[in-house]
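Computation of the quantities below employed the complete heavy-atom set of this structure, encompassing side-chain atoms and omitting hydrogens, waters and symmetry-equivalent molecules.
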Amino acid sequence: MSNNQISLPAKLINGGIAGLIGVTCVFPIDLAKTRLQNQRNGQRTYTSMMDCLIKTVRSEGYFGMYRGAAVNLTLVTPEKAIKLAANDLFRSYLSRNGKGLNISGEMLAGCGAGLCQVIITTPMEMLKIQLQDAGRLAAQQRLILPTSLSNKVVATNPVLSRAYVSLAAVTRPMSATQIAKDLFYSQGFRGLYKGLGATILRDVPFSVIYFPLFANLNKLGQNSVDGRASFVHSFLSGCIAGSIAAVAVNPCDVIKTRFQSLHRGANEEAYSGIVDCARKIWKNEGPSTFLKGSGCRALVIAPLFGIAQVMYFVGVGEFVLGFSHFEVY
């Protein structure tokens, strides 16, 4: 660990740029992950990630794959900046004796980073999920209520009628701003932070796994000359650590996605809390449901954090601010 003082502004710039680039590259896969996780057994609107993306393009156009991207791109800069910079600061504080960190210290630093980021992550995910899942609900509506029969069914079947009203409301054009306003006016800040506990349940374990794993993988590639790993090694270390951590916490991500979804399709149950959500998923859909979207999530997180570590390796923030770049791991 370097004894040089860490530049917080430079770390924020690095994290922000990494988040913008990463989200732009992998957002369609993240959309597929959300829709697959919200899909209940027996619906089978989408059979796989590729099937989801193909159907999305056919029904919503190319930009349909980027539903919710605006809110993500707006908030991912502070989110990733806080996460990565907080980890560096906690690592720096915990290793003030110059001896470096052991595994428990690295995990503690990751835990602190995960707790800090949920300030931004929770409302960002809350808004993003509503926008991403709207297409799935619209597709389900088309399957349940063909156009030629919809009026007749709605008029004669009260159960499907309620489902139709809920789905129809979701299929109208929405914006993150409008959703945020509605939530704030009806529930205050509490509405925007629905699922805070589930977000902490996902992001803290993720950071506890990811940051120590990346640090130790990266150390394996450090050379004896300057003590730094190569560009490629840092990127691959970020990808491997990110994908392992993503799959490990996927059950928590499924719970968070379900719990934060405001609108439901036909026969989709409501959840009163995290425990209730986990219990109902296990009972009604089986334990394998907790791994839904795990492949997509690994494909999203791996390049996202690989890119983040590349930004740190290159030292874009340090260059912009005129600081000398140094490795923090």
Is R258 close to T289 at the side-chain level, that is, under 4.5 Å between some pair of heavy atoms? yes
Are I255 and V249 connected into the same hydrophobic cluster when the rule is that any two of I, L, V, M, F, W, Y join if their side-chain heavy atoms are below 4.5 Å apart? no
Does either side chain, that of D182 or that of Q178, offer a donor lying less than 3.5 Å from an acceptor on the other one? yes
Donor-acceptor pair, distance only, cut-off 3.5 Å: does the side chain of Y66 make one with the backbone of T24? yes
Let me see the working for K194 and R190 under side-chain contact (heavy atoms from CB on, under 4.5 Å), right down to the final yes or no. CA-CA 6 Å; K194 180 184 179 183; R190 188 174 132 195; over 6 Å; no
Ignoring hydrogens and angles, state whether a donor on the side chain of E125 or N72 is under 3.5 Å from an acceptor on the partner side chain. no
Using modelled atom types and a 3.5 Å cut-off, is there a donor and acceptor pairing between side-chain atoms of K280 and backbone atoms of A270? yes
From OG (S294) to CD1 (I301), nearest 0.5 Å: 12.5 Å
Can you tell which of T56, D30, D133, T257 makes a side-chain hydrogen bond (donor to acceptor under 3.5 Å, both in side chains) with R35? T56
Do I281 and V275 belong together in a cluster built from hydrophobic side chains that touch within less than 4.5 Å? no
After noting the C-alpha distance and the side-chain angles of D276 and R279, does the key distance pass the salt bridge (Lys or Arg N to Asp or Glu O under 4.0 Å) rule? CA-CA 5 Å; D276 179 62; R279 182 181 60 81; 2.9 Å; yes
Is there a donor-acceptor pair under 3.5 Å between the side chain of H233 and the backbone N or O of L217? yes
For the residue pair T122 and L192, establish whether any side-chain heavy-atom pair is separated by less than 4.5 Å. no
Heavy-atom pair with the smallest gap, counting every atom of S234 and A229: OG-CB, 3.9 Å
Considering non-hydrogen atoms only, spot the tightest contact between R297 and A246 and give its length. NE-O, 3.5 Å
Which is it for Y46 and K55 under the side-chain contact (heavy atoms from CB on, under 4.5 Å) test, yes or no, and what are the steps along the way? CA-CA 8 Å; Y46 311 111; K55 287 180 178 177; 3.9 Å; yes
Passes side-chain contact (heavy atoms from CB on, under 4.5 Å), I82 versus I119? Steps please. CA-CA 9 Å; I82 289 173; I119 298 171; 5.6 Å; no
Return the CD to CG distance between Q130 and L262, rounded to the nearest 0.5 Å. 3.5 Å
Got I129 and K256 here, is their nearest side-chain heavy-atom distance under 4.5 Å? yes
For the hydrophobic clusters of this structure (ILVMFWY residues joined by side-chain heavy atoms under 4.5 Å, transitively), does one cluster hold both F189 and M126? yes
What are the two closest non-hydrogen atoms of C296 and I29, and how far apart are they? O-CG2, 3.4 Å
Would V26 and V23 show up in the same hydrophobic cluster when neighbours are defined by side-chain heavy atoms closer than 4.5 Å? yes
What's the separation between atom OG in S92 and atom CG in N87, rounded to the nearest 0.5 Å? 11.0 Å
Is there a side-chain contact (heavy atoms from CB on, under 4.5 Å) between K83 and C116? Walk through the geometry before answering. CA-CA 7 Å; K83 184 187 188 82; C116 288; over 6 Å; no
Heavy-atom closest pair (I274 atom, G197 atom, distance to 0.1 Å) is CD1-C, 3.6 Å
Measure the shortest side-chain to side-chain distance between T177 and V71 over non-hydrogen atoms and say whether it is less than 4.5 angstrom. no
Are T121 and Q117 linked by a side-chain donor-acceptor pair shorter than 3.5 Å? yes
Shortest non-hydrogen pair, C111 vs V204, comes out as SG-CG1, 3.6 Å
Could you tell me whether the side chain of R40 and the main chain of N38 form a donor-acceptor pair under 3.5 Å? yes
Side-chain heavy atoms of I244 within contact of I240, under 4.5 Å: yes
Verify whether the ring centers belonging to F206 and F305 lie closer than 6.0 Å. yes
As an exercise, state the distance from CE of M124 to CG of L75, rounded to the nearest 0.5 Å. 6.5 Å
Could you label the plane-to-plane angle of the Y210 and F214 rings as parallel, tilted or perpendicular, counting under 30° as parallel and over 60° as perpendicular? parallel
Lys/Arg-Asp/Glu bridge criterion (N-O < 4.0 Å) met for K283, E269: no
Quick one: SG on C252 to CZ on F259, what's the gap to the nearest 0.5 Å? 14.0 Å
Assigning hydrophobic clusters by single linkage (Ile, Leu, Val, Met, Phe, Trp, Tyr; side-chain heavy-atom cutoff under 4.5 Å), is Y271 placed with Y193? no
dist Q39:CD -> R136:CZ (nearest 0.5 Å) comes out at 7.0 Å
Give the minimum heavy-atom separation between Q37 and N250, together with the two atoms involved. NE2-OD1, 3.6 Å
